[in-house]
J.: 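Take this structure first; my questions come after.
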2 protein chains.
Amino acid sequence: MANCLDQLKRDGAKMTKTRRLLVELFERCRLPLSETEIRQALAARGRPVNKTTVYRELAALIARGLVQQVDFGDRKLRFELAGHHHHLVCTGCRKVQDIHVRHDTGRIERLAKAQKHFIIRRHSLEFFGLCQACAKDA
Amino acid sequence: MANCLDQLKRDGAKMTKTRRLLVELFERCRLPLSETEIRQALAARGRPVNKTTVYRELAALIARGLVQQVDFGDRKLRFELAGHHHHLVCTGCRKVQDIHVRHDTGRIERLAKAQKHFIIRRHSLEFFGLCQACAKDA
DNA sequence: TTGACAAACGCAACTAAGTTGCATTAAGAT
DNA sequence: ATCTTAATGCAACTTAGTTGCGTTTGTCAA
């Protein structure tokens, strides 16, 4: 992760306060964040930024492969440190947890190739349901 | 599927031309459609409708369990006949194909319950990559 | 067949998320 | 210290979806 900041530097990027804070934020929190959440977090740390800046910063980090987009179907983009994760999304309180899942994508990739001549590059797998607290209420 | 139209009737719904065409469209096409695509298709069949109507109609069908939402992460809602599907989404031409996948959700559900006290209700699993035509170009 | 009632509809105005163009500010190298 | 260029803010815009309200149209019963 630190080498990614190095990479940024190498191709002419500047080490701004915003960029440092943003990477820090992702590393500490390790969960998908929306643009709004990111701006709130940065503002709370004394760095209020425009939403345009957030999107541009994210685009830069995504282009370098540091950050990736996640998608929970609420038509809101979310972002997290790159790496293959899956999540448990609570439909009650919207809280998100990581979950480790071993699953055999190879089989499906071969199937798609053989039957549909389709080359799978990536997949998304997300789980929706109720967290402990919300299950109690229901 | 026909019994779903019956069900609609039973609780006071009217059999409008739009509704008939819409259900027909879903049954014939069997792939996730966006609001825009739906309106184009209806217009092509001589029934131009307002987007508000489309969304309301979809809400009614979803409420009855006839239709479900799908999500390909392009912050656009899509809709298809209810039932558990997975898709191959071409990132080149955006074409979508169904794919049949057997996979063991039971294991993961038990895991989520045991480790995180999380009750999984549903999941989404979508594959992104290149279809035959687009793979050639790349 | 007709008339009444509720569902369906269209329209216009609105919200929320994300994007773009342009002028200004500020890293950081020389 | 200065200069170059990345980073930033702002305002205006786009796209997807929602809401309120007045009008139209199925449907059912008389």
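A, B, ... follow the sequence lines: proteins, then strands. Residue 1 opens every chain. Since the structure is predicted, the reported quantities are computational estimates derived from the model, not experimental observations.
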J.: Tell me which of B:Arg75 and B:Asn50 sits closer to the 5' end of DNA chain D, going by the nucleotide each one is nearest to.
T.: B:Arg75

J.: Heavy atoms from C-beta onward define the side chain here; which of C:dC9, D:dT5, D:dG17 lies closest to that of A:Lys14?
T.: D:dT5

J.: Mind calculating the distance between CZ (B:Arg78) and P (D:dA16) to the nearest angstrom?
T.: 10 Å

J.: Taking the ring of A:His86 and the ring of A:His103, is the distance between their centroids below 6.0 Å?
T.: yes

J.: Counting side-chain heavy atoms from CB outward, which of C:dG28, C:dC11, D:dC10 is closest to B:Arg56?
T.: C:dC11

J.: Give the rounded distance in Å between these two atoms: CD of B:Glu35 and P of D:dT14.
T.: 17 Å

J.: Donor-acceptor pair under 3.5 Å: do we get one between A:Thr18's side chain and the base of D:dT8?
T.: no

J.: By nearest atom, which of the nucleotides C:dA8, D:dT27, D:dA7 is closest to the B:Arg19 side chain?
T.: C:dA8

J.: Need to verify one output field. Residue with the more 5' nearest nucleotide on DNA chain D, A:Thr53 or B:Leu77?
T.: A:Thr53

J.: Once you round it to whole Å, what is the distance between P of D:dG17 and CD of B:Glu37?
T.: 11 Å

J.: Only one of A:Arg19, A:Arg20, A:Lys17 forms a salt bridge (charged side-chain N to carboxylate O under 4.0 Å, His left out) with A:Glu57, so which one is it?
T.: A:Arg19

J.: Under the 3.5 Å rule, do the base of C:dT20 and the side chain of A:Thr52 count as making a donor-acceptor pair?
T.: yes

J.: Please report, rounded to the nearest Å, how far the P atom of D:dT27 is from the CE atom of B:Met15.
T.: 7 Å

J.: Could you tell me how far apart A:Lys51 (NZ) and D:dA12 (P) are, to the nearest whole angstrom?
T.: 13 Å

J.: Measure the distance from CG on B:Leu21 to C1' on C:dC9 and round it to the nearest whole Å.
T.: 15 Å

J.: Could you tell me the separation between the CD atom of B:Gln132 and the CD1 atom of A:Ile119, rounded to the nearest 0.5 Å?
T.: 9.5 Å

J.: Where the side chain of B:Arg47 is concerned, which of D:dT5, D:dT25, C:dC9 is the nearest nucleotide?
T.: C:dC9

J.: Can you measure A:Arg20 atom CZ to D:dA6 atom C1' for me and round it to whole angstrom units?
T.: 15 Å

J.: Take the protein atom CG of B:Leu33 and the nucleotide atom C1' of D:dG17, then report the distance between them rounded to whole Å.
T.: 17 Å

J.: Could you check whether B:Glu35 pairs with B:Arg39 (Lys NZ or Arg NE/NH1/NH2 to Asp/Glu carboxylate O, under 4.0 Å)?
T.: yes

J.: Does B:Val54 or B:Gly12 map to a spot on DNA chain C nearer the 5' end, using the closest nucleotide for each?
T.: B:Gly12

J.: Indicate the ring-plane relationship of B:Phe72 and B:His87, choosing parallel, tilted or perpendicular according to the 30° and 60° boundaries.
T.: perpendicular

J.: Which is true for A:Ala60 with a 4.0 Å heavy-atom rule: it touches a base, it touches only sugar-phosphate, or it touches nothing?
T.: nothing

J.: Closer than 4.0 Å, any side-chain N/O of A:Tyr55 to the OP1 or OP2 of C:dG18?
T.: yes

J.: Tell me whether the OP1 or OP2 atom of C:dA8 has a side-chain N or O from B:Thr16 closer than 4.0 Å.
T.: no

